[in-house]
Amino acid sequence: MRLPFFVALLSLCTATPLVAFQDLDGDDGYIILPDRYDRPTAGTVVNGVGPLPFIIDTGASKSVIYRSLTSVIDLQALPNQSKRIITATGYKRVLVYPVTDFYVLGRTLNVQETVALPDIIGSQAKGLIGVDMLAGLTLTMDMGQGLARLQNPDETRFDDSWTMIQGRPVAYGSLALEVNIGGVDVPVIVDTGASDTVINTAGSDALTLAATGVRRQSIRASISNGGVMDFVALVVPSFKVGDYERTNMRLVVSDIPVFTTLGARSVPAIILGMDLLGEQPFAIDFKNWRLYLGTQEADTAIASE
């Protein structure tokens, strides 16, 4: 079991090898592989160098690189330039680097610069692909098949085996929607950059008081620097996303700074991670603001027009 939530701050150190990307694409989509923390990575070309593993992060506003990549692609920071940015652990001031483009999932994001964040300990990822790359498109992902697509919404059709949940945009272009936990509705952000589903203290307190069958659980996890910490989790008997239901779902309780950033410091809120999303094929429509959940037998039909 691993417990690296949101930006992989924590881990029980069960590594998943990350195979090198041999090809950018396959017949039915583009290759994706899990990083150590079970988050999806896709082969990405930066300034003509690659493919390199980048995490597809629907909770990140911008596509960024990690510091180790600056030496790989021979990038020098722009002199006397830095930016104060929002991360899952709060505000950071970081250096700015000249970048001409990112190419991933068959699409190119033309940029002039990006920032470099500290590498995530234990992950081979070299950066993040954020919602600036995904805006207005539909991202379809199947971790079981190891494939993803990024298409115009009107080019992707879903049959009746998929469950559609209507949501809304939040923050800088992420998808928010409602889930039902033991009869209580709680807002969530759909975040493929989160390995575990996280609930804030306000949400934990509300569910403990109002939801049926919720129990608390202590978790001891190794953190990335080798230490050990104790955490609290909620185990809820029913976690419903539209018509999809997960039983005995575990929610990590933590007031990570992103909740404050999103204006949810004192109101119930959840970050919905890959522990649920990765169980079945899913798609996020960043134009019509919808989440689609499929089954292992589900497939998408690509429109001819």
Side-chain angles (χ1 to χ4, degrees), residues 2 4 8 14-60 63-66 68-69 72-73 99 101-110 119-120 122-135 137-153 155-158 162 190-195 273-286 291-303:
R2 81 277 179 272
T14 51
T16 300
L18 182 61
V19 180
F21 288 93
Q22 300 299 323
D23 299 298
L24 282 174
D25 63 304
D27 293 337
D28 298 318
Y30 289 82
I31 297 167
I32 55 172
L33 297 168
D35 78 344
R36 177 176 181 172
Y37 306 109
D38 291 338
R39 299 166 307 169
T41 67
T44 303
V45 176
V46 183
N47 284 9
V49 179
L52 300 162
F54 271 52
I55 297 165
I56 302 174
D57 188 348
T58 60
S63 299
V64 301
I65 61 176
Y66 291 150
S68 64
L69 186 56
V72 173
I73 61 178
V99 172
D101 60 79
F102 292 88
Y103 176 83
V104 64
L105 300 179
R107 302 275 176 168
T108 298
L109 176 66
N110 295 312
D119 289 64
I120 297 174
S123 174
Q124 293 181 349
K126 297 302 180 184
L128 298 175
I129 295 299
V131 294
D132 54 347
M133 176 70 80
L134 310 173
L137 301 172
T138 294
L139 171 69
T140 307
M141 191 177 298
D142 186 337
M143 294 301 292
Q145 295 293 322
L147 294 172
R149 297 176 179 135
L150 188 60
Q151 300 167 286
N152 292 320
E155 293 176 343
T156 307
R157 306 279 174 79
F158 297 93
W162 292 76
V190 180
D191 186 3
T192 57
S195 55
M274 289 300 294
D275 52 344
L276 184 143
L277 293 170
E279 289 187 329
Q280 66 282 302
F282 68 93
I284 304 172
D285 182 339
F286 288 96
L291 173 67
Y292 292 87
L293 295 176
T295 66
Q296 292 303 325
E297 294 75 30
D299 194 9
T300 55
I302 307 304

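We use all heavy atoms of the structure for the numbers below, so side chains are in, but hydrogens, waters and symmetry mates are not.
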From [X] atom [atom1] to [Y] atom [atom2], the distance as rounded to the nearest 0.5 Å:
X    : Y    : atom1 : atom2 : value
T58  : M141 : OG1   : CE    : 8.0 Å
D275 : Y37  : CG    : OH    : 15.5 Å
F102 : T108 : CZ    : OG1   : 11.5 Å
Q280 : M143 : CD    : CE    : 12.0 Å
M133 : D57  : CE    : CG    : 13.0 Å
T140 : W162 : OG1   : CH2   : 6.0 Å

Could you tell me which residues satisfy side chain to side chain donor-acceptor pair (under 3.5 Å) with T138, sequence neighbours excluded, listed by chain and number?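 Here no residue qualifies.
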Less than 4.5 Å apart, side chain to side chain, heavy atoms only: is that true for [X] and [Y]?
X    : Y    : value
F54  : L69  : yes
T192 : F282 : yes
V104 : Y30  : no
F286 : L150 : no
L105 : I129 : no
L134 : I284 : no

If you look at every heavy atom in [X] and [Y], which pair is closest and at what distance?
X    : Y    : result
K126 : S68  : NZ-OG, 3.5 Å
R149 : G29  : CG-CA, 4.1 Å
A42  : I56  : CB-CD1, 3.9 Å
D285 : P153 : OD1-CG, 3.7 Å
S63  : G130 : OG-N, 3.0 Å
G59  : D191 : N-OD1, 3.2 Å

Got a sec, which residues hit side chain to side chain contact (heavy atoms under 4.5 Å, CB included) with N152, two or more places apart in sequence or on another chain?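 Side chain to side chain contact (heavy atoms under 4.5 Å, CB included) check on N152 returns R107, L137, D154, E155.
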Could you go through Y66 and L52, starting from their C-alpha distance and side-chain angles, then the distance that decides it, and tell me whether this counts as side chain to side chain contact (heavy atoms under 4.5 Å, CB included)? CA-CA 12 Å; Y66 291 150; L52 300 162; over 6 Å; no
What I want to check is whether the side chains of S195 and D38 have a donor and an acceptor closer together than 3.5 Å.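 No donor-acceptor contact under 3.5 Å links the two side chains.
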Please confirm whether the backbone N or O of L33 pairs with a side-chain atom of T41, one donor and one acceptor, at under 3.5 Å?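 Present.
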With Y292, which residues qualify under ring-ring contact (aromatic ring centres under 6.0 Å, His included), at least two apart?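 Expected list: F158.
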